[in-house]
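Shown next, in structure tokens, is the structure this report addresses.
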2 protein chains.
Amino acid sequence: MAQSDTVDRILDAAEELFADRGFAETSLRMITSRAKVNLAAVNYHFGSKKSLIQAVFARFLTPFSATAQAAFDDLEKSCDGKAPTLNQTLRALTDSAVRMPQRSERGIAIFMRLLGLAYTQSQGHLRKFLEQEYSEPFSRFMGLLKEATPELSAVDRYWRIQFMLGATAFTMSSNEALRDILANKMGVETSVQEIAARLVPFLAAGMQAKDPMLTPMPCDQKSLAVL
Amino acid sequence: MAQSDTVDRILDAAEELFADRGFAETSLRMITSRAKVNLAAVNYHFGSKKSLIQAVFARFLTPFSATAQAAFDDLEKSCDGKAPTLNQTLRALTDSAVRMPQRSERGIAIFMRLLGLAYTQSQGHLRKFLEQEYSEPFSRFMGLLKEATPELSAVDRYWRIQFMLGATAFTMSSNEALRDILANKMGVETSVQEIAARLVPFLAAGMQAKDPMLTPMPCDQKSLAVL
DNA sequence: TGATTTTTCAAACGTATGTTTAAAACATAT
DNA sequence: ATATGTTTTAAACATACGTTTGAAAAATCA
């Protein structure tokens, strides 16, 4: 081989192991032994474990962010002048994820799981890295969300976005486990695409729920208004 | 003091540290030094770190599960015969959490954060412990959800419950951080009760969204093959 | 009181981690 | 072929972890 592929082998192994077991629970020795590379190679090529984690994310997040930006461009062009709907905006994002060129069949699942872990296994450095590296597509997405939900107050929108993020990150981060459970329990096979297709209407409906402050607080009785 | 309070001091310290930093990232030395007890005390009183984690959960989950069961009883009694609505069911659960007697002012926040971590930091032993220890209130809640959403297919319900769990666990697990961000950004203070009050309508609306397979695809390009 | 059990304590153990080192192997270009 | 820069390797390093030990201290009970 003309050029060493050590770097890629490390990235491949790290990506899978991180997705399977999380960051802290994956040691450099596991990574290097799966990659069939010397232990010191990680520190030689990446500098540290933290940098390796960031590199794993950069490798799939950079092309994804470009794809998403293009999808946003298309979306704004296609309904020129008018703001894209919430469904369209969410769909543009999930489609970008689903259509990404994958390294393996597990590619999408790994991609989703890592995104979920990034929110969940809050490694401080990762948060900072992602925020400053991908702030543009992120805030563009936020802007689209704002235009698609003009009826919401800023505070309502803030919380509902958190709810959306939570539902998405959590579901996607354990998408393989959840799919297995469903297959065992009800004999139904599910693709990541289907999960996304089910998730979007759920999120859109929640986002557009009636104003939360209008729902009565519980007195001592459980008497509640219907919704 | 007639009886040593070492056990409680350890539980208090562990509870806070786990909530702040997660399980793996909290060492026994941190716990024992905050609790001002000897390092060996944890292994003496609890046997192992795993058992300590379970004990922390049992201390607040056992009374909570009792409270929730009572709330479910009340709910079923109050609308006798008829099935409680989705909003009522969700509300019964969140109210039970909010009304729990708290050990501190952070009590609710810690409670939520730990519940979120239980789902998120999937310590295998914790999952098993929780499942076999609190399966009754859990499956009762699931039963109520099923009765409250008779129009959903089992598969749809399965996925939407996962979405609800995700939104809840994620939001609650970082509720303190999210509240701080909102306070800094928009000068709005938020209580955990308010988050719950906002979350419930979001979840209910998502749960009752129109059948996902019927939602139309965005305009021209994004039309996807059905599943 | 004295005997016995329970609890505390400092110290050490064994293991695993991320990282560094310095020499060897390799590739490239003069 | 020789020199130069890059990559790989085995070994060690320093540190942190959960757990165990055995003796001291405290509490309990006869």
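Keep in mind that the numbers below use all heavy atoms, side chains included, and drop hydrogens, waters and symmetry copies. By convention in this document, chain letters (A, B, ...) are assigned in the order of the sequence lines, proteins followed by strands, and residues within each chain are numbered from 1. Values in this document were obtained by computation on a predicted structure and should not be read as measured data.
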Counting only side-chain N and O atoms of A/His45, is one of them less than 4.0 Å from OP1 or OP2 of D/dT6? no
With a 4.0 Å limit, can you tell me whether B/Thr6 has a side-chain N or O closer than that to the phosphate oxygens OP1/OP2 of C/dT8? yes
Treating primed atoms plus P, OP1 and OP2 as sugar-phosphate and everything else as base, which nucleotides of nucleotides 13-25 of chain D get B, S or - for protein heavy atoms under 4.0 Å? ----BBBBB----
Looking only at heavy atoms, what is the nearest atom pair of B/Ala204 and B/Asn87, with distance?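 Here B/Ala204 and B/Asn87 meet closest at CB-ND2, 3.8 Å.
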Test your reading of the model: is there a side-chain donor-acceptor pair from [X] to the backbone of [Y], 3.5 Å cut-off?
| X | Y | answer |
| --- | --- | --- |
| B/Gln102 | B/Ile108 | yes |
| B/Arg198 | A/Trp159 | no |
| A/Arg21 | A/Thr26 | no |
| B/Arg9 | B/Lys36 | yes |

Ion pair check, B/Asp20 and B/Arg106, cut-off under 4.0 Å: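 Salt bridge between B/Asp20 and B/Arg106, a charged N being under 4.0 Å from a carboxylate O: yes.
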Find the distance between OG (A/Ser33) and CE (A/Met30) and round it off to the nearest 0.5 Å.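 Between A/Ser33 OG and A/Met30 CE, I get 8.5 Å after rounding to 0.5 Å.
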Pairs under 3.5 Å (Watson-Crick or G-U), crossing ones as [ ], inter-strand ones as |: DNA chain C comes out as .|.|||||||||||||||||||||||||||
Rounding to a whole Å, what distance do you find between A/Ile10:CD1 and D/dT8:C1'?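 Checked: the CD1 to C1' distance equals 11 Å.
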Gap between atoms CG and P, on A/Asp8 and D/dT7 respectively (whole Å): 13 Å
Does the plane of the ring in B/Phe64 sit parallel, tilted or perpendicular to the ring in B/Phe111? Use 30° and 60° as the thresholds.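 Judged by the thresholds at 30° and 60°, the geometry between B/Phe64 and B/Phe111 is perpendicular.
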